[in-house]
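What follows is a set of notes on a single structure, which appears directly below.
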2 protein chains.
Amino acid sequence: MDLSERQLQILQAIITDYVENAEPVGSRSIAKKYDLGVSPATIRNEMSDLEEMGYLTHPHTSAGRVPSDKAYRLYVNSLMKKKNLSAKDKKLINDRLSASRDEFDRTIRHAAELLSEITNLASFAMTPATNDETISFIRLMPVEEKTIILMIVSESGSVTNTTLRLPVPCTAESLELLSKNMTVNYRGRTLDDVLKNEIIEDVGSDIEALAALRGNVMPSFIRTLEDMLNVNLYMEGMTNIFNLPEYSSIDRARDFMELFAQKDWFTQKMLARDDGVVVTIGEENDSLKDCSLITASYHVDGRLVGKIGVIGPTRMKYDEVTSIMEYLTNNLSESFRLTDGSETGDGSG
Amino acid sequence: MDLSERQLQILQAIITDYVENAEPVGSRSIAKKYDLGVSPATIRNEMSDLEEMGYLTHPHTSAGRVPSDKAYRLYVNSLMKKKNLSAKDKKLINDRLSASRDEFDRTIRHAAELLSEITNLASFAMTPATNDETISFIRLMPVEEKTIILMIVSESGSVTNTTLRLPVPCTAESLELLSKNMTVNYRGRTLDDVLKNEIIEDVGSDIEALAALRGNVMPSFIRTLEDMLNVNLYMEGMTNIFNLPEYSSIDRARDFMELFAQKDWFTQKMLARDDGVVVTIGEENDSLKDCSLITASYHVDGRLVGKIGVIGPTRMKYDEVTSIMEYLTNNLSESFRLTDGSETGDGSG
DNA sequence: TATTAGCACTCATCATCTGAGAGTGCTAAT
DNA sequence: ATTAGCACTCTCAGATGATGAGTGCTAATA
């Protein structure tokens, strides 16, 4: 049962009005503000039908109508028109991101900050999942007699390291040897692959001292690989939601904040979402039943996929927010394109 | 004008009761619950005097009394008795910290988690300020033709690195040479020293290619040193405060949360506090006028000083919280004592 | 002199009530 | 098919009054 042109217009008007004012919309105000050429009574009848079809709800008899999740979904899928970013916002994004372009994590954090500043909602940004990153080389370095640094470098140039203490001293030569040994062994393999398919124990055992050293290093190696898999999550603007009428009750606000206190859970959730701009509305989210969640993905070196997102009430300016996120992720992907040498890696300052 | 023994008893009783129930305390309930051997009327008179002296306040005529900041200060300084941790809490702390002892940052985060769990307040923990850390060595490593890794290792074994791209290719030998060169130059100097006293430009200029490379590396070197100075701040249990009656108003809750959204500002504030267990109450804090803040410091390798802290309403169980923090920081300092080789640096798992 | 009982008084809180206003839903006219 | 008219419903804000906790003062008491 498709909606008539007029019904769509009315629904659109109600959504626009409700998103703006956060108050149930009455037939009279629609008739007055939006020039639909019909009387409030007609609009009332249509509203009644729309409610029957599940697009509107009714807080109580004598209140106006409020759009349902279904209405927002329809809006996002068909009604919504693409919005152009204001020149001001574009400038803001360009300026702020370029200032930190060569520092990966800082840039990601700035993206989250920008997103919450421009949208006035809660936002997050996370570094890419690195399951498919491949190992480039492994290096062991002496610090003190029994202290060494273990360093793993991935193909995309990201580095993770750990400092570890050995039960017995070791020589610089044996560290060098084991470094080469491990590099040969693991170079080109993905983190997931190495972590899942356990450790191969058959290399280097011809020299006993080396085998012992290897035994001491392996647990740290594995743990460091796990560290490498961790994505960093930056959250910003959580307090913005306090300014919204839907969170004026302390309980609502608490529920909201508590969701984000569980960072690990949240990260997993976000990683699982599809790439590209994805909008989920109200009940479509498992938790967050009265929130909408918009995520978008950016690319690093054209491959790795990181995510940014915005969380707010279902009453949200979907058109604006999606546009901002599209612009922002394009900008990020552009920043993180490593194919040619135009970026020197150190800033001008 | 000193307080009489009886006045102290009454004040103590009021504080105990108010901390427990968060409601203004009346003379009758004091007389009933705490066996002071005097009638409500006498207590009323004393309360009136205490109010005149600024130890109590009066929300309105017919309400009971509430302790003022001054009262809490007196309590913390003289009245409070040291509390023993419950065996349960001790076990919790021992178990949870030992599980992550060899991973520095993780341990710090766990400390913050523990603190908020046990106190049911908001907590934070931060890694030590590293101004006085000295540089141990600097290493440059090739990744690809024009991509290299810059790595700085401090005396205490902490490592910071950055990946940078050069405008022109460089040889492994020149990287090696510059590494040595820089290490000789900076070894033993503190981060602060190096950052403040600008860069010495007179070394290695005898080889032109090396000087050029050095010019390309220095900006990243400085930035990486700055990174090294950054302390990590972990905040936990922010949502705990929603359960407290003093934050049942959305405005209060918002103010509270907004303070902690400014992480940099907060970090600076906390770094500036004295070492040891420090309690500041209400107005004694610049911002946070109706909060109390308790911080304590732990030591790494007996030298570097990190901080943990708890933030809550002035109505707080000062005795319990300070005890917990003392126990926790002792435990942390113990964990981070690096003097002998008993710790292998890699876990048993 | 210090303490206490007694009592009038104050004030917040809660439940109840009221009128105003917004908005609907239905019916009958256009 | 649309619209005007009107009764009806329900929320909201303000007013009212009862309740009860707790004080502050006074006069009696040990």
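Each chain gets a letter, A, B and so on, in the order the sequences are listed, and its residues count up from 1.
- Of the charged side-chain nitrogens involved, at least one lies within less than 4.0 Å of a carboxylate oxygen, so that E51(A) and R65(A) count as a salt-bridged pair.
- For the OP1/OP2 pair of dG24(D) and a distance below 4.0 Å, the side-chain nitrogens and oxygens of R65(B) include at least one atom meeting the criterion.
- A close approach under 4.0 Å does not occur between any side-chain nitrogen or oxygen of R44(A) and OP1 or OP2 of dA22(C).
- Taking every side-chain heavy atom of V38(A) into account, dT3(D) is the closest of dT23(D), dT3(D), dA12(C).
- L36(A) places its CG atom 14 Å from the C1' atom of dT2(D), with the value rounded to the nearest Å.
- Taking atom CD1 on I43(A) and atom P on dT2(D), their separation rounds to 12 Å, with Å as the unit.
- Between the side chains of D89(A) and Y327(A), not a single donor N or O lies within less than 3.5 Å of an accepting N or O.
- Among the atoms of the strands shown, only primed sugar atoms or phosphate atoms (P, OP1, OP2) are found under 4.0 Å from some heavy atom of A63(B).
- For the pair N45(A) CG and dT24(C) P, the interatomic distance rounds to 11 Å; values are reported in whole Å.
- Listed for the S68(B) side chain is a donor-acceptor partner under 3.5 Å among the backbone atoms of G54(B).
- A salt bridge is defined here as a Lys NZ or Arg NE, NH1 or NH2 lying under 4.0 Å from an Asp or Glu carboxylate O, and D251(B) with R254(B) meets this definition.
- Interatomic distance, T322(A) OG1 to E326(A) CD, rounded to the nearest 0.5 Å: 7.0 Å.
- Closest approach to the A41(A) side chain among dA4(D), dC10(D), dT3(C) is made by dA4(D) (side chain taken as heavy atoms from C-beta onward).
- Taking atom CZ of R28(B) as the reference point, atom C1' of dG24(D) lies 17 Å away to the nearest angstrom.
- Spacing between atom NE2 of H58(B) and atom P of dA12(C) amounts to 11 Å, rounded to whole angstrom units.
- Note on S39(A): a side-chain N or O is less than 4.0 Å away from OP1 or OP2 of dT3(D).
- An OP1 or OP2 oxygen of dT24(C) is reached within less than 4.0 angstrom by a side-chain nitrogen or oxygen of S27(A).
- Across all strands shown, dT27(C) forms a Watson-Crick or G-U wobble pair with dA4(D), both key distances being under 3.5 Å.
- Mapped onto DNA chain C by nearest heavy atom, P59(B) and G37(B) fall at different nucleotides, with G37(B) at the one closer to the 5' end.
- We find that NE2 of H60(A) is positioned 15 Å from C1' of dG25(C), with the value rounded to whole Å.
- Base pairing annotation: dT10(C) forms a Watson-Crick or G-U wobble pair with dA21(D), both donor-acceptor distances under 3.5 Å.
- Closest to the S62(B) side chain, of the nucleotides dC10(D), dG22(D), dT4(C), is dG22(D).
- Listed pair R6(B) / dT3(C) meets the phosphate criterion, a side-chain N or O lying under 4.0 Å from OP1 or OP2.
- Listed for the S78(A) side chain is no donor-acceptor partner under 3.5 Å among the backbone atoms of Y75(A).
- Between the side chain of T61(B) and the base of dC11(C), no donor-acceptor pair under 3.5 Å is found.
- One atom, CE of M47(A), and another, P of dG25(C), lie 9 Å apart when rounded to the nearest Å.
- Rounded to an integer number of Å, the gap from CD of Q7(B) to P of dA2(C) is 13 Å.
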